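Heads up: the structure comes next, in structure tokens.
What's counted below: heavy atoms across the whole structure, side chains too, no hydrogens, waters or symmetry copies. To find a chain, count down the sequence lines: A is the first, B the second, and so on, and within it residues start at 1. Everything numeric here is computed off the predicted structure, so don't read it as measured data.
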2 protein chains.
Amino acid sequence: MSKKSELLAAAELRVRDGGYANFSFRELASEVGIKSASVHYHFPTKEDLAAELAYQYTERFLTSLGDPSAYVQQGKNPIEVYTEHFRHALLVDKQMCLCGLLGAESGSLPEKVKHETKRFFKRNINWLEQAYTSLHITNSESEITSKAMTTLALLEGALMISKTLDSIDVFEHATAAIKGLAEIMGETTGRKK
Amino acid sequence: MSKKSELLAAAELRVRDGGYANFSFRELASEVGIKSASVHYHFPTKEDLAAELAYQYTERFLTSLGDPSAYVQQGKNPIEVYTEHFRHALLVDKQMCLCGLLGAESGSLPEKVKHETKRFFKRNINWLEQAYTSLHITNSESEITSKAMTTLALLEGALMISKTLDSIDVFEHATAAIKGLAEIMGETTGRKK
DNA sequence: ACAAACCTATCAACTGATAGATAGCTTAGT
DNA sequence: ACTAAGCTATCTATCAGTTGATAGGTTTGT
């Protein structure tokens, strides 16, 4: 692994724990065994480093997710695959979603970093829309968008609260609610039961 | 307003924008017109200041919410009252929920601050449980807990994402889903349709 | 010869925190 | 009524530490 990617890995741990302010060039440098001035060779400014971190995090996340419709063809539910990624963050990584944390701080984030954070959410909503479309349970596009956004918001919120309370309860209830989303929304949006 | 509460007000704006690291004693001091050393008179350490901020935020939030069952008696839905509080943060304050942000950072927060943040969430879940109980739509206690946790997670997540994307869309879809929660959960938990 | 990857040394700025002084108010003792 | 003691809220001055960033030099591989 190159020093550059070692730096990003070290930064990721810190940002997912405490946000943008929770890492310094000196810390990262000493962790990977170089000097702080050398970090500036790879990343001109702190803003650049964090922006690239968020960019690569997004790419890795989406690559790992793969193609939503492929899961359906295998008889798997892509939404369950998606929730498993968040469960992994909570139980294995024991860390926040990088962009969940950056998003919360977005009000005081450098422009490039905020831009990459937005990109993460847009891409994720898009993936979830494709997933719900592939499941072809509901018809209207607005219902699909609604489910996609609700799913993402629920997972980000549940991850944050479960991590804070040191208990998986909120997360488990949230994912149970997502499983019910398919039947739910059809009932309340438009059609009255 | 006393200097102490002015300091807390100034700190709140900054923390709700960028988290624990986004305020300094000097900034607060100069904003309220005293010197940074004097801030230590009111709050021995930064940790103490942030902990008191989170404590008072929680008290103010719950006081403002009032008694959930009282709304039911007035023919109002306390869950809608609750979601309005979050909508106010998004559209009027244009800020995060203080504890939503601190919760995201909880991995690197001083102990006292993390404790107060946990307290916020526990109290809010409790309030929502009372609210869903007062509505007596569903019966089982675990269904009520599930709805309470899901509602909170959804609102915290939706607020964060809507703020980041600079669009109310995610928030609107999330609150619509909460309105559907009553009918939803009964369908999916236990009873099969 | 050249460039990528690193170094040393240093900068100005900012951080939380402390020590010690002061002015003004309140209270208790006589 | 006067004073001594103590509290509240602020100040000046300063500390040691950290921060992101820069200029310019060195090493290493091709």
Which parts of residues 37-56 of chain A get close to DNA chain C, meaning a heavy atom less than 4.0 angstrom away? A:Ala37, A:Ser38, A:Tyr41, A:His42

Assign each of B:Lys35 and A:Glu27 to its nearest nucleotide of DNA chain D by heavy atoms, then name whichever residue's nucleotide is nearer the 5' end. B:Lys35

Residues from residues 3-26 of chain A sitting under 4.0 Å of DNA chain D, heavy atoms only? A:Phe23, A:Ser24, A:Phe25, A:Arg26

Flag for A:Ser2-A:Ser5: side-chain donor and acceptor within less than 3.5 Å: yes

Side chains of B:Thr145 and A:His173: any donor to acceptor distance under 3.5 Å? no

Euclidean distance, B:Lys112 NZ relative to B:Glu47 CD, rounded to 0.5 Å: 5.5 Å

To the nearest 0.5 Å, what is the distance between CG (A:Leu7) and CZ (A:Phe43)? 6.0 Å

Could you list all the ring pair (Phe, Tyr, Trp, His ring centres under 6.0 Å) pairs where at least one residue sits in residues 105-125 of chain A, not counting sequence neighbours? A:Tyr57-A:Phe120, A:Phe61-A:Phe120

Within 45° cone and under 6.0 Å: B:Lys46 NZ/CZ vs B:Phe23 ring: yes

May I ask you to check whether over 12 heavy atoms, not counting those of A:Lys35, lie within 6.0 Å of atom NZ? no

So, using side-chain contact (heavy atoms from CB on, under 4.5 Å) as the criterion, who are the partners of B:Tyr55 when residues are at least two apart? B:Glu59, B:Glu116, B:Arg119

Minimum-distance pair of heavy atoms, taken over all atoms of B:Ile161 and A:Glu156: CD1-CG, 4.2 Å

Could you tabulate the donor-acceptor pairs under 3.5 Å formed by side-chain atoms of residues 97-111 of chain B, not counting sequence neighbours?
residue: B:Glu105; atom: OE1; partner: B:Tyr20; partner atom: N; Å: 3.1
residue: B:Ser106; atom: OG; partner: B:Gly103; partner atom: O; Å: 2.9

Could you give the start and end, 5' to 3', of the contact zone on DNA chain C for chain A, using atoms under 4.0 Å from its heavy atoms? C:dA4 to C:dT10

